[in-house]
Enquirer: 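Please read through the structure below; I'll follow up with questions.
Bear in mind the structure is a predicted one, so any value in this text is a computation, not a measurement. FYI, the numbering just counts along the sequence from 1.
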Amino acid sequence: MDVVRFADAPFYSAPDHDDVLARRLQGGEASSADFALVGHSTLIAGAVIPMDAAVIGKIYVVTDGVIVVEQEDGALHELRVGDSIFVPAGEARAVLNLTDTPAAMIVVTPSPSL
């Protein structure tokens with residue numbers, strides 16, 4: 001088993017995530033979990049992750065604040081603490097923190113090795 005304490009979770013950066021503080025909680029550089037990557041992302045107030053389509057599906061679970069996920073067609077999904085969303089591979093989305101306080105979410109993706 002691999003225990004990763006939040007304070008010890010390694011930081012990582014993702015392209016176009018300038019206003020995001022990201023930590024790897026499991027998988028990748030954090031543990032030997034080989035089936036998924038689990039990250040924790042804190043979006044500063046007003047943060048915008050621009051519209052993009054990932055090659056893998058993602059699950060977001062909001063742990064603090066309010067996060068808005070915008071679809072390519074303009075549909076908006078406001079997510080609050082405990083809410084989650086699955087974004088399929090190839091589906092474009094933007095992630096927004098439209099508030100004046102930080103917001104955070106858990107991000108789960110399959111391991112790139114799968």
Enquirer: Where is the tightest heavy-atom contact between A75 and D73, given as atom of each residue plus distance?
Expert: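 Shortest heavy-atom contact: N-OD1, 2.9 Å.
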
Enquirer: Check whether any side-chain N or O of D2 sits under 3.5 Å from a backbone N or O of S32 as a donor-acceptor pair, and report yes or no.
Expert: yes

Enquirer: Is there a chain of hydrophobic side chains (I, L, V, M, F, W, Y, each step under 4.5 Å between heavy atoms) that links V61 to F86?
Expert: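 Result: yes, single cluster for both.
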
Enquirer: Do L43 and I85 land in one hydrophobic cluster if side-chain heavy atoms of ILVMFWY residues count as linked below 4.5 Å?
Expert: yes

Enquirer: Applying side-chain contact (heavy atoms from CB on, under 4.5 Å), name anything that partners A92, two or more places apart in sequence or on another chain.
Expert: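 A92: side-chain contact (heavy atoms from CB on, under 4.5 Å) contacts with M51, A53, E72.
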
Enquirer: Between the side chains of H77 and E70, does any donor sit under 3.5 Å from an acceptor?
Expert: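 No donor-acceptor contact under 3.5 Å links the two side chains.
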
Enquirer: Answer whether the closest heavy-atom distance between the side chains of L25 and I106 falls below 4.5 Å.
Expert: yes

Enquirer: Quick check on the hydrophobic clustering: are V38 and I59 connected, directly or via other members, by side-chain heavy-atom contacts under 4.5 Å?
Expert: yes

Enquirer: Charged N to carboxylate O below 4.0 Å: is that the case for E78 and R80?
Expert: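 Between R80 and E78 there is a salt bridge, with a charged N closer than 4.0 Å to a carboxylate O.
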
Enquirer: Looking only at heavy atoms, which two atoms of S41 and V20 are closest? And how far apart?
Expert: CB-CG1, 3.7 Å

Enquirer: Pairing donors with acceptors under 3.5 angstrom, does anything connect the side chains of S111 and D34?
Expert: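 The answer is no; no qualifying pair exists.
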
Enquirer: Where do M105 and H40 land on the side-chain contact (heavy atoms from CB on, under 4.5 Å) test, with the steps shown first?
Expert: CA-CA 6 Å; M105 64 183 176; H40 180 273; over 6 Å; no

Enquirer: Closest heavy-atom contact between F6 and R23?
Expert: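 Shortest heavy-atom separation between F6 and R23 comes out as O-NH1, 2.8 Å.
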
Enquirer: Search all heavy atoms of T101 against all heavy atoms of N97 and return the closest pair with its distance.
Expert: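 In terms of heavy atoms, the two residues are closest at O-ND2, 2.8 Å.
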
Enquirer: Closest approach of A89 and V55, non-hydrogen atoms and distance?
Expert: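 Shortest heavy-atom separation between A89 and V55 comes out as CB-O, 3.5 Å.
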
Enquirer: Just verifying a value: how many Å separate T63 OG1 and D83 CG, rounded to the nearest 0.5 Å?
Expert: 11.5 Å

Enquirer: Report yes if some heavy atom in the side chain of R24 is under 4.5 Å from a heavy atom in the side chain of L37; otherwise report no.
Expert: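 The answer is yes; the side chains approach within 4.5 Å.
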
Enquirer: Over all heavy atoms of both residues, which pair between I67 and A103 is shortest? Give the atoms and the distance, please.
Expert: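 In this case the closest contact between I67 and A103 is CG1-CB, 3.6 Å.
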
Enquirer: Give the C-alpha distance, both sets of side-chain angles, the deciding distance and a yes or no for side-chain contact (heavy atoms from CB on, under 4.5 Å) between V69 and L79.
Expert: CA-CA 8 Å; V69 178; L79 305 175; 3.9 Å; yes

Enquirer: Run R93 and Y60 through side-chain contact (heavy atoms from CB on, under 4.5 Å) and show every step you take.
Expert: CA-CA 12 Å; R93 84 292 178 242; Y60 302 144; 3.1 Å; yes

